[in-house]
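What's counted below: heavy atoms across the whole structure, side chains too, no hydrogens, waters or symmetry copies.
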Amino acid sequence: MPTSSASTTDASAKPTAASGGVQSLERAFDLLERMADAGGEVGLSELSAASGLPLPTIHRLMRTLVACGYVRQQPNRRYSLGPRLIRLGESASRLLGTWARPYLARLVEETGETANMALLDGDEIVYVAQVPSKHSMRMFTEVGRRVLPHSTGVGKALLAHTPADEVRALLARTGMPAATEKTITTPEGFLEALEQVRKSGYAVDDNEQEIGVRCLAVSVPNSPTAAAISISGPAGRVTEAVAESFVPILQGVAAELSVALQSQSPA
């Protein structure tokens, strides 16, 4: 890894009294998260305004992140997230999926249907884990597959509590192509669906991603990264009637998975 250009004697590298951590590391990770929240590309003045840090401090931290490959400086002098973060993210997603598999297996045992876990990665949904149903007729989604949020139950679950203007901005970036004749293809229709998710506590993909397939999904509360779990199966089996018994199971497993994921995170 390239040598950091920041001085180790700088005050920002001293342990913080509150956490016992290294302040420069905390600040660097905070800047990376703020860049991600801003869409992946920002200017120094934007970071300064958002973080409250002085420009010289931000410039020094960004110079170090650039040297390490975690940030790139663009020709327009703005900064974007760098390619080395991709490897870290992929490894973290695989590990998250590994932790989730026992919980998904319980969903399969209790509902009989295929269980999935998905994350919101940028503007897309990525599936990070799956345990298949034992039925001969079952649903299969390849781990690593990416789809747009508007046509999936997990997408609705993940975006249900996102401010409407942010949802509209996401939909404007991705578009709303119709995967089937039942796909929601207008921002107003999608926002109405999100309101229903907030009221009911779960999301439904009713033949919207694939005809003949129905999915029930809930978010994982307080997950270190936005995550949702779901069960999916033939529409003839995953009916509105069975949702009454399946949804409490989903919510219970999501709550237990939340506790497990938080126990893997630093205090």
Side-chain angles (χ1 to χ4, degrees), residues 88-121 124-160 179-180 197 200-265:
L88 296 180
E90 289 176 343
S91 296
S93 293
R94 286 195 297 271
L95 187 57
L96 192 63
T98 299
W99 288 334
R101 281 187 61 83
Y103 297 88
L104 300 184
R106 273 187 44 212
L107 276 178
V108 174
E109 289 297 323
E110 295 190 36
T111 68
E113 303 298 345
T114 295
N116 314 279
M117 182 177 187
L119 309 179
L120 183 63
D121 183 21
E124 298 178 314
I125 299 298
V126 58
Y127 289 92
V128 296
Q130 181 180 83
V131 175
S133 166
K134 296 177 182 178
H135 288 292
S136 57
M137 182 180 291
R138 60 193 179 194
M139 302 303 104
F140 177 78
T141 298
E142 182 180 0
V143 171
R145 182 188 178 199
R146 291 175 174 270
V147 295
L148 297 181
H150 71 282
S151 60
T152 64
V154 285
K156 293 173 189 173
L158 286 165
L159 292 175
T180 75
V197 175
S200 65
Y202 69 99
V204 180
D205 162 10
D206 187 7
N207 295 270
E208 296 162 50
Q209 179 64 220
E210 186 176 344
I211 290 294
V213 176
R214 207 158 183 268
C215 171
L216 306 174
V218 299
S219 62
V220 178
N222 303 312
S223 174
T225 187
I229 59 174
S230 67
I231 58 101
S232 56
R237 285 204 309 255
V238 185
T239 62
E240 292 184 12
V242 302
E244 293 184 9
S245 59
F246 283 1
V247 169
I249 296 171
L250 269 167
Q251 292 170 332
V253 171
E256 292 179 22
L257 178 56
S258 171
V259 172
L261 294 178
Q262 290 180 66
S263 72
Q264 301 288 345
S265 302

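Listed by first then second residue, pairs satisfying salt bridge (Lys or Arg N to Asp or Glu O under 4.0 Å) with a partner in residues 244-260 read Arg106-Glu256, not counting sequence neighbours. The salt bridge (Lys or Arg N to Asp or Glu O under 4.0 Å) contacts involving residues 149-159 comprise Lys156-Glu208, where partners must be two or more places apart or lie in separate chains.
Remark: side-chain polar atoms of Asn207 are paired, donor with acceptor, to backbone N or O of Gly212 under 3.5 angstrom. The closest donor-acceptor contact from the side chain of Ser230 to the backbone of Val154 lies at 3.5 Å or more, if one exists at all. At distances below 3.5 Å, at least one donor-acceptor pair connects side-chain atoms of Thr114 with backbone N or O atoms of Ser133.
Partners of Val147 according to the side-chain contact (heavy atoms from CB on, under 4.5 Å) rule, which considers only residues two or more places apart in sequence or in another chain, are Ile125, Tyr127, Arg145, Thr152, Gln209. Evaluation of the side-chain contact (heavy atoms from CB on, under 4.5 Å) rule for Ser219 yields no partner, not counting sequence neighbours. Residues that satisfy the side chain to side chain donor-acceptor pair (under 3.5 Å) test with Gln251, not counting sequence neighbours, are absent from this structure. Every salt bridge (Lys or Arg N to Asp or Glu O under 4.0 Å) that Asp206 has, sequence neighbours left out, goes to Lys182, Arg214.
Contact detail for Ala115 and Leu104: the closest heavy-atom pair is CB-O, 3.5 Å. The shortest non-hydrogen separation linking Ser245 to Pro248 is O-CD, 3.5 Å. Contact detail for Leu250 and Val218: the closest heavy-atom pair is O-CG2, 3.8 Å. Nearest approach of Asn116 to Gln130, heavy atoms of both residues: OD1-NE2, 2.7 Å. Nearest heavy-atom pair, Pro221 versus Ala254, reported as atom, atom and distance to 0.1 Å: CD-O, 3.8 Å. Arg101 and Val131 make their closest contact through O-CG2, 3.8 Å (heavy atoms, listed as atom of the first residue, atom of the second, distance).
Between Asp121 and Arg146 the shortest side-chain heavy-atom distance falls below 4.5 Å. With contacts defined as side-chain heavy-atom distances shorter than 4.5 Å, the pair Met117/Leu257 qualifies. Taking 4.5 Å as the limit, every side-chain heavy atom of Tyr103 sits out of range of all side-chain heavy atoms of Ile229.
Rounding to the nearest 0.5 Å places CD1 of Ile231 at 5.0 Å from OG1 of Thr111.
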